[in-house]
Student: 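This is the structure I have questions about; it appears just below.
This one's a predicted model, so the numbers in the text were calculated from it and none came from an experiment. Within every chain, numbering begins at 1; the chains are lettered A, B, ... in the order of the sequence lines, protein sequences first and strands thereafter.
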Amino acid sequence: MAKSSSKKEIPKYNPTEVEPKWQKYWLENKIYQPDMDKAKKPFYNLMMFPYPSAEGMHVGNMYAFTGSDVYGRFKRMQGHDVFEPIGLDGFGIHSENYALKVGKHPKEQAKVSQENFYRQLRVTGNSFAWDNKLETYDPDYYRWTQWIFIKLFKKGLAYRKKASVNFCPSCKTVLADEQVIAGKCERCGTEVVKKELEQWFFKITDYAERLLNNIDGLDWTEKVKIAQRQWIGRSEGALIKFKIQNSKFKMKTIEVFTTRPDTLYGATFMVLAPEHSLSREIARGNNEIAKYIKESQSKTDQDRIAEGRDKTGIDSGLRAINPVSKEEIPVWIADYVLMGYGTGAIMAVPAHDERDFEFAQKYNLSIKFVIKPIENDLDTRKAYLGAGQVINSGKDWNDYFVPDAIPRMIDDLEKWGMGKRQIQYHLRDWLISRQRYWGPPIPMIDCPKCGWQAVAEKDLPVLLPDIKDWKPTGAGKSPLATVESFVNTNCPVCGGPAKRETDVSDTFLDSAWYFFRYIATDFKDVPFPSSAFHDDAEVASNNFRLHKAGKSSDSSRNVSDANVQSENFKSSPHQSQNRTEKWLPVNMYIGGAEHSVLHLLYSRFLTMVFKDLDLISFEEPYSKFRAHGLLVKEGAKMSKSKGNVVIPDEYIKKFGADTLRLYLMFLGPFTQGGDFYDTGIEGMYRFVRRIWTLIHTVNFSTQSTGEGLKIMNKTIKKVTEDLEALRYNTAIATLMEYYNFLSKEQTISKEQIEILIILTSPFAPHISEEIWEFLGHKNSISQTNWPRFSDKFLVEKNTIIVLQVNGKIRDTFMVEKSEIDNKQTIEKIARQSKRAKKYFENKQIRNVVYVKGKIINFVIDN
RNA sequence: GGGCAAGUGGCGGAAUGGUAUACGCGGUAGUCUCAAAAACUACUAGCCGCAAGGCUGUGUGGGUUCGACUCCCUCCUUGCCCACCA
């Protein structure tokens, strides 16, 4: 090691002193607070904000945040004005359930969690823009969540509908389809049942095609793109009408959706979902059928899954006519057909669908094959799903080959007036209402005269009342329904007595737009700046906590409102109206893959709606998204029940945040996750202390030379490329190799050391600042430019050529770079190899493969 | 049932067609010490060998190639996501 001969005094590395010192420095000097209006190279570096409800931040949160922060710090040093905000997703069932568990009012618990979480976040060394923090349960925030609801309502995108919905008996609320995982409640794991309730929905299905088509253009983790495509679930097919024979009901035809119109001749019966309106109509005059429908509805999804493929059903007694074969076919009612997809009715083709085949066998229904395989014989013991030749399908279709001929067959159906081409999506409308307390009240009023009306925008927010009986009731209504002072109000249209909606909105609505609010937390009277608000009288004109004003306060309303809290709010929406366009869409979004469908899809949807409202000019919220991997503990998933959840606090106390950050980023590829071992972190602590010691003992030479320069440039190149690709583990390995090299050198230049510190600083920001200061710098290391590498130092003078015989390595030798184009010379040197000679001497050399500058391979006969 | 990943030393992992096991953990031996810890140094895939060296080796079996952890096919295993979606 390059130690001084005279023994220097080495100060002890003490992270518990160094780290708070720099955290304080960053905060006081607003080092990480970009100028939101004047920033020249804005870079929005977003990480998914946490639910603060658990027992505090666990190491999985820190893993995700650190990975995002490292990238943000890297971009900042590359000259970008990085905006890296943080907040808390504290509204919602998750937080409320935690409050229930610990027996505290959610509002009280939120205060405790907030303090604890922010304290933890402060000591992890992230470069957060603290001035812009937000919490979803803050009225300043949810006021705008409610505003969004109103905007959607006015645009016809929020509507009420009575529907069979998922209901969690434990959480006592309805759930979105997305929150039901294999028939169980995503939050508590209880089996979900179906309930018939009137609910608020968002019409996300109107955006299905756009949501799907835009995916191709996104720079996102491929896995997440696939998950979204699958969730939206586009399929092409046909809508086909079947006439009902002698229908005594209102409905004279049954319409079905099918992706296999080519099998229409094989449709030997039909099946209606129990919830189908025709099923209900039939049930009115038939007890047995009514009973079947009731039973199937009371089943949990879990029951249905447990039953597997043992299908049940009942003959409705109706007969329909197959439009092409003209055969009379029975109509059944069975719960293997779902109301939520297609038309809620199917044409059953048992010969070519496994489910229909099974059902037909159980109930002895006829099976008619209309496709046969081209090569093999038809096996009539099971459904045939493959491609093939059309048979038994009349003169028009016989001998067609499917699936190729399907489009032509749909054309025929259209021509014959029997059906039409149809594109169907699996995506369903977003169920928004929740019968719970801890969320933003849905800002709607039900007037006996005027019907459902939105709360006037000037009256927002509809404050969540502070009540004692906040626990879920399970009666299909929110606890707010019992608060008369809340419920009773006046109609915003006619002024007469009316009642408020008492449900609150889904947590996913809170988190679907938070990145818009981050950039505008200093704006009181708009959700986010937009030129569209300029002339929009209904926005900005309100009396809610309006701040008294800069020069532009034309609004003289209720300045003295008792609620005024902050002096920092700007009152003019016109000012800085470009801010939204300046910062959004988000440049880099990093978060968990578990939000692949829900959160990412919802925020895309809202962004599109904002675009359609002319509030913004873009329609995709996140230009780039990367999912991080899962952090496990010694091979096992961390969970409270196993008691192996790692809490970062104790490790930070013992080793410091820098060591923990480095360790977390080192233990595996960030996008794939990693395995946390206590012994591993000790090794990282060793590395940090070694750097500290090296700095305090090194003898500086004046300049970097030869090998040193080369290695330095190589290191810069590798670390830069790795950081851009989020390959943090190999970036750190490279830094270790660089340290190992430096520690063995007799003399080191100051430049070589500074490069080491700069490159390490995104991972270990505190110790880097401390060393940077020790080296005599006055600025923050985060304000230093990221070093560039120069290719001219990367050129090797000599190259190692590997000598193979039949692909096996037999020797290596060094040649000058200038020789590598000369195959003859290389071959000549190779033939002289003492070690390899015996393998090709006296053998017939059939071929010599030379790969320039890398390898020479003699191919011989054995 | 469908979709997507991934299988490499004792362990976490590196290498994406060209010297497999970088970096780290753990282990062994040594230096320092009365001793221990820390720190530092060396070794550390398996087998054979005193050594020089050789053979084998990236879940399995095959293929493509001068050359395969890497590309293609078969099977096995594990993880994640979705799931009676017509």
Student: Roughly, in whole Å, what's the span from NZ in A:Lys12 to P in B:rA38?
Tutor: 14 Å
Student: State yes or no: are the ring centers of A:Trp430 and A:Phe201 separated by less than 6.0 Å?
Tutor: no
Student: Could one point to a donor on the side chain of A:Gln804 or the base of B:rG18 with an acceptor on the other under 3.5 Å away?
Tutor: yes
Student: Sugar-phosphate means primed atoms, P, OP1 and OP2; the rest is base. With that split, encode nucleotides 5-15 of chain B 5' to 3' as B, S or - using protein heavy atoms under 4.0 Å.
Tutor: ------SBSS-
Student: Atom CE of A:Met665 to atom P of B:rC25: distance rounded to whole Å?
Tutor: 18 Å
Student: With a non-hydrogen cut-off below 4.0 angstrom, is A:Asn847 in contact with a base, only sugar-phosphate, or nothing?
Tutor: nothing
Student: Give a yes or no on whether the ring-centroid distance for A:Phe369 and A:His352 is below 6.0 angstrom.
Tutor: yes
Student: Could you give all pairs that pass the salt bridge (Lys or Arg N to Asp or Glu O under 4.0 Å) test and reach residues 338-353 of chain A, with sequence neighbours left out?
Tutor: A:Asp353-A:Arg355
Student: Over how many whole Å does the gap from A:Ile856 atom CD1 to B:rU19 atom P extend?
Tutor: 15 Å
Student: Taking for each residue the nucleotide of RNA chain B with the nearest heavy atom, is it A:Arg689 or A:Glu594 whose nucleotide lies nearer the 5' end?
Tutor: A:Arg689
Student: Which nucleotide, B:rC25, B:rG18, B:rG3, lies nearest any side-chain atom of A:Gln230?
Tutor: B:rG3
Student: Give every pair of a protein N or O atom and an N or O atom of nucleotides 50-59 of chain B that lie under 3.5 Å apart, one pair per line with the distance.
Tutor:
{"from": "B:rG54", "atom 1": "OP1", "to": "A:Tyr839", "atom 2": "OH", "distance (Å)": "3.2"}
{"from": "B:rC55", "atom 1": "OP2", "to": "A:Arg810", "atom 2": "NH1", "distance (Å)": "3.3"}
{"from": "B:rU56", "atom 1": "OP2", "to": "A:Lys808", "atom 2": "NZ", "distance (Å)": "3.2"}

Student: What integer distance in Å separates A:His426:NE2 from B:rC84:P?
Tutor: 10 Å
Student: Using purine N1 to pyrimidine N3 plus N6-O4 or O6-N4 for Watson-Crick, or N1-O2 and O6-N3 for G-U wobble, each under 3.5 Å, what pairs with B:rU77?
Tutor: B:rA6
Student: Using a cut-off of less than 4.0 Å, is there contact between a side-chain N or O of A:His352 and OP1 or OP2 of B:rA86?
Tutor: no
Student: Taking only the C1' atom of each, what is the distance from B:rC69 to B:rG18 in whole angstrom?
Tutor: 13 Å
Student: Against the six-membered ring of A:Tyr13, is A:Arg689 placed for a cation-pi contact (under 6.0 Å from the centre, within 45° of the normal)?
Tutor: no
Student: Work out how far the P atom of B:rG27 is from that of B:rG10, and round it to whole angstrom.
Tutor: 16 Å
Student: Can the positive tip of A:Arg831 be found less than 6.0 Å from the middle of the six-membered ring of A:Phe858, inside 45° of the ring normal?
Tutor: yes
Student: Under 3.5 Å, is there a donor-acceptor pair between the A:Tyr292 and A:Thr312 side chains?
Tutor: yes
Student: Any strand is fair game: report the nucleotide pairing with B:rA14 by Watson-Crick or G-U wobble, both distances under 3.5 Å, or none.
Tutor: none
Student: Mind checking A:Leu630 for me? I need base, sugar-phosphate or nothing, with any heavy atom below 4.0 Å counting as a touch.
Tutor: nothing
Student: Measuring from the side chain of A:Thr258 (C-beta onward, heavy atoms only), which nucleotide among B:rA86, B:rC66, B:rG3 has the closest atom?
Tutor: B:rA86
Student: For the residue pair A:Thr263 / A:Tyr384, report whether a side-chain donor-acceptor contact shorter than 3.5 Å exists.
Tutor: no
Student: Rounded to whole Å, please give me the gap between CD1 in A:Ile691 and P in B:rC23.
Tutor: 16 Å
Student: B:rU60 and B:rU8: how far apart are their C1' atoms, nearest whole angstrom?
Tutor: 15 Å
Student: Assess the pair A:Tyr341 and A:His426: is the distance between their ring centroids shorter than 6.0 Å?
Tutor: yes
Student: Work out how far the C1' atom of B:rC76 is from that of B:rG61, and round it to whole angstrom.
Tutor: 11 Å
Student: Hey, does A:Gly342 reach any base, or is it just sugar-phosphate, or nothing, if we go heavy atoms under 4.0 Å?
Tutor: nothing
Student: Taking only N and O in the side chain of A:Asn740, is any of them less than 4.0 Å away from OP1 or OP2 of B:rA22?
Tutor: no
Student: The side chain of A:Met736 is closest to which nucleotide in this list: B:rG2, B:rC23, B:rG18?
Tutor: B:rC23
Student: Among B:rC80, B:rC82, B:rA86, which nucleotide has an atom closest to any side-chain atom of A:Lys637?
Tutor: B:rC80
Student: Could you measure between the two P atoms, the one in B:rG54 and the one in B:rA42, and give it in whole Å?
Tutor: 26 Å
Student: Quick one: ring-ring contact (aromatic ring centres under 6.0 Å, His included) partners of A:Tyr663, sequence neighbours excluded?
Tutor: A:Phe676
Student: Which is it for A:Ile215 and A:Ile232 under the side chain to side chain contact (heavy atoms under 4.5 Å, CB included) test, yes or no, and what are the steps along the way?
Tutor: CA-CA 11 Å; A:Ile215 292 173; A:Ile232 297 167; 4.1 Å; yes
Student: By the rule that syn is within 90° of 0, classify the base conformation of B:rG49 as syn or anti.
Tutor: anti
Student: If you draw the axis of the six-membered ring of A:Tyr336, does the NZ or CZ of A:Lys311 fall within 45° of it and under 6.0 Å from the ring centre?
Tutor: yes
Student: Less than 4.0 angstrom between a side-chain N/O of A:Arg686 and OP1 or OP2 of B:rG26, yes or no?
Tutor: yes
Student: Taking atom C1' in both B:rA14 and B:rU58, what distance in whole Å separates the two?
Tutor: 12 Å
Student: Tabulate protein N/O versus nucleotide N/O from nucleotides 70-74 of chain B, keeping only pairs under 3.5 Å, one per line.
Tutor:
none

Student: How many whole angstroms separate atom OH of A:Tyr685 from atom C1' of B:rA38?
Tutor: 12 Å
Student: Write down the partner of B:rU33 under the Watson-Crick or G-U wobble criteria, each distance required to be under 3.5 Å.
Tutor: none
Student: Check this one for me: any side-chain N or O of A:Arg690 less than 4.0 Å away from OP1 or OP2 of B:rC40?
Tutor: yes
Student: Provide the distance between the two P atoms, one in B:rC55 and one in B:rC40, to the nearest whole Å.
Tutor: 38 Å
Student: Using salt bridge (Lys or Arg N to Asp or Glu O under 4.0 Å) as the criterion, list what pairs up with A:Lys854, not counting sequence neighbours.
Tutor: none
Student: For the residue pair A:Asn806 and A:Tyr839, confirm or rule out a side-chain donor-acceptor distance under 3.5 Å.
Tutor: no
Student: Hey, which of these two, A:Met339 or A:Val802, hits RNA chain B nearer its 5' end, going by closest nucleotide?
Tutor: A:Val802
Student: Can you tell me, in whole Å, how much space there is between the P of B:rA68 and that of B:rG59?
Tutor: 15 Å
Student: Heavy atoms from C-beta onward define the side chain here; which of B:rG2, B:rC84, B:rA22 lies closest to that of A:Leu338?
Tutor: B:rC84
Student: Is the A:Phe359 to A:Trp332 ring centre distance short of 6.0 Å?
Tutor: yes
Student: Nearest-Å distance, NZ (A:Lys225) to C1' (B:rC81)?
Tutor: 18 Å
Student: Which base sits across from B:rG1 as a Watson-Crick or G-U pair, both distances under 3.5 Å?
Tutor: B:rC82
Student: Write down the partner of B:rA42 under the Watson-Crick or G-U wobble criteria, each distance required to be under 3.5 Å.
Tutor: B:rU28
Student: Could you tell me the separation between the CD1 atom of A:Ile809 and the P atom of B:rG18, rounded to a whole number of Å?
Tutor: 11 Å
Student: For the atom pair NZ (A:Lys828) and CG (A:Asn822), what is the distance rounded to the nearest 0.5 Å?
Tutor: 9.5 Å
